[in-house]
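Protein chains get the first letters and strands the later ones, always in sequence-line order, with residue 1 at the start of each.
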There are 2 protein chains.
Amino acid sequence: MVVKQTPTMEDYLERLLMLQAENKPATVTEISRMMCVKMPTVVYAMKKLSEQNLVEYNKRSPIKLTRKGKRWGANVFRRHEALRHFLVEILNVDPDIAAEDACKMEHFLSPVSLERLSKFLDFVLKCPRGKPEWLEGLAYYFEKGERSEELLARCQRGG
Amino acid sequence: MVVKQTPTMEDYLERLLMLQAENKPATVTEISRMMCVKMPTVVYAMKKLSEQNLVEYNKRSPIKLTRKGKRWGANVFRRHEALRHFLVEILNVDPDIAAEDACKMEHFLSPVSLERLSKFLDFVLKCPRGKPEWLEGLAYYFEKGERSEELLARCQRGG
DNA sequence: CTCCTTTATTAGAGACATCTAATTAGAGAG
DNA sequence: CTCTCTAATTAGATGTCTCTAATAAAGGAG
């Protein structure tokens, strides 16, 4: 019965899912390259994960996520994407930095917060009437350091 | 020359700052209680931090942050607060959960993202014309699972 | 088949952060 | 001063994740 994974293990699960999604074989070498760790580290991790039935690991053959591992990886990925999108789309953070931050923070976003963050993004970015004006105002504020009088006026006209 | 702290050490610095702010003496026992670790763990941490001149630690006397340690702690706190506020004020996450999530994620928020997040919160919560309407719409969306037609219409009147 | 190269694994060590158990220091009661 | 209690420290162990160095397996070139 698995109830928790360390951030490290979650990273491996997420990476395995990515590889699978791209139809790349998940080899020790490949994972090691992508995660910037040495091969023995990967072997250690795969053994750990297979003890928990999150991956199917047989020496010298490509690694496969189990159904359980896939679910877990997908979950990590959702958290990653929610955070990354928020940073990029709302906060206008540089995509590389956003990805890095998301990659670290993803392990600590609780289910409730994830759900809210996702809904927030939907609310803002999938508004049936197009992107809300305040997003523009926010971008202006980021850039100039002050609020756009014009947008401020327009945005509040209806309030 | 200190360039980085582990999340753990950042937590101690933050906690020390809190104690100081409340004028409570920072003893091993107190820190141990507050951080839910045993006393030897605290001693270990204080030794580590004092090696880096982040705290003044002399056996059997109250622990003090150095100027450097204070700065670092304050920085952690800023990240904590930005995240917590976002979760509470924007995403309406339960305050306890928000605090927990913030406490974990705070260690991984880059300076750029912090700056943007803080500005975002200012922009939204310190709007000179009061809280923007879309926040209400968002709360509605969280609660009902769908957009409020009324607010949608009003919010867009000016766009 | 033998040699070489690449890939993977094992063995062993180290950093970090935690614990338990044992010890020491200090403070207050008598 | 001695006894006792609490606070603090030391010693030693553990789990996680990483590394390097050494070894093993597998696949191709000849």
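Atom pair I31(A):CD1 and dT7(C):P shows a separation of 14 Å (rounding to whole Å applied). With rounding to whole Å, Q5(A) atom CD is found 11 Å from dT16(D) atom P. Distance CG (N58(A)) to P (dA26(D)): 13 Å, rounded to an integer number of Å. Between the P atom of dT18(D) and the CE atom of M35(A) lies a distance of 7 Å, rounded to the nearest Å. If you measure from atom CD1 of I63(B) to atom P of dA8(D), you get 8 Å, rounded to the nearest angstrom. One can place NZ of K47(A) at 10 Å from C1' of dA11(C), the figure rounded to the nearest angstrom. Rounding to whole angstrom units, CD of residue E51(A) and C1' of dC17(D) are separated by 14 Å. Here dC16(C) presents its P atom at 15 Å from CE of M46(B), a figure rounded to the nearest Å.
Relative to the side chain of T29(A), the nucleotides dA17(C), dT18(C), dT7(C) differ in distance, and dT7(C) lies closest. Listed nucleotides: dT18(D), dC19(C), dA8(D). Nearest to the side chain of K38(B): dC19(C). Residue T6(B) places its side chain closer to dC16(C) than to any other of dC17(D), dC16(C), dT9(D). Of the candidates dA25(C), dT10(C), dT18(D), dA25(C) carries the atom nearest the R60(B) side chain, counting heavy atoms from C-beta on. Each of dA7(D), dT10(D), dC19(D) was ranked by its minimum atom distance to the side chain of V37(A); first place goes to dC19(D). In the set dA17(C), dA24(D), dA7(D), dA17(C) carries the atom at the smallest distance from any side-chain atom of Y44(B). For P40(B), taking side-chain heavy atoms from C-beta onward, the closest of the listed nucleotides dA11(D), dT18(D), dT9(C) is dA11(D).
Contact annotation: the side chain of L49(B) never approaches that of Y57(B) to less than 4.5 Å [non-hydrogen atoms, C-beta and beyond].
Place K48(B) and T27(A) on DNA chain C by their nearest nucleotides, and T27(A) ends up nearer the 5' end.
Checking the phosphate oxygens (OP1, OP2) of dC16(C), no side-chain nitrogen or oxygen of Y12(B) falls inside 4.0 Å. Here K59(A) does not reach the OP1 or OP2 of dT7(C): none of its side-chain N or O atoms lies under 4.0 Å away.
Among the heavy atoms of the strands lying under 4.0 Å from T41(A) is at least one base atom, whether or not backbone atoms are also near. Looking at heavy-atom distances under 4.0 Å, M9(A) makes contact with sugar-phosphate atoms alone, never a base.
Using modelled atom types, one finds no donor on one side chain facing an acceptor on the other under 3.5 Å when comparing N53(B) with T66(B).
Nearest heavy-atom pair, A82(A) versus L114(A), reported as atom, atom and distance to 0.1 Å: CB-CD1, 3.8 Å.
Annotation for K119(B): atom NZ counts as buried by contact number, over 12 foreign heavy atoms lying within 6.0 Å.
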Derivation of the salt bridge (charged side-chain N to carboxylate O under 4.0 Å, His left out) call for K48(B) and E51(B): CA-CA 5 Å; K48(B) 281 274 179 158; E51(B) 277 168 21; 5.5 Å; no

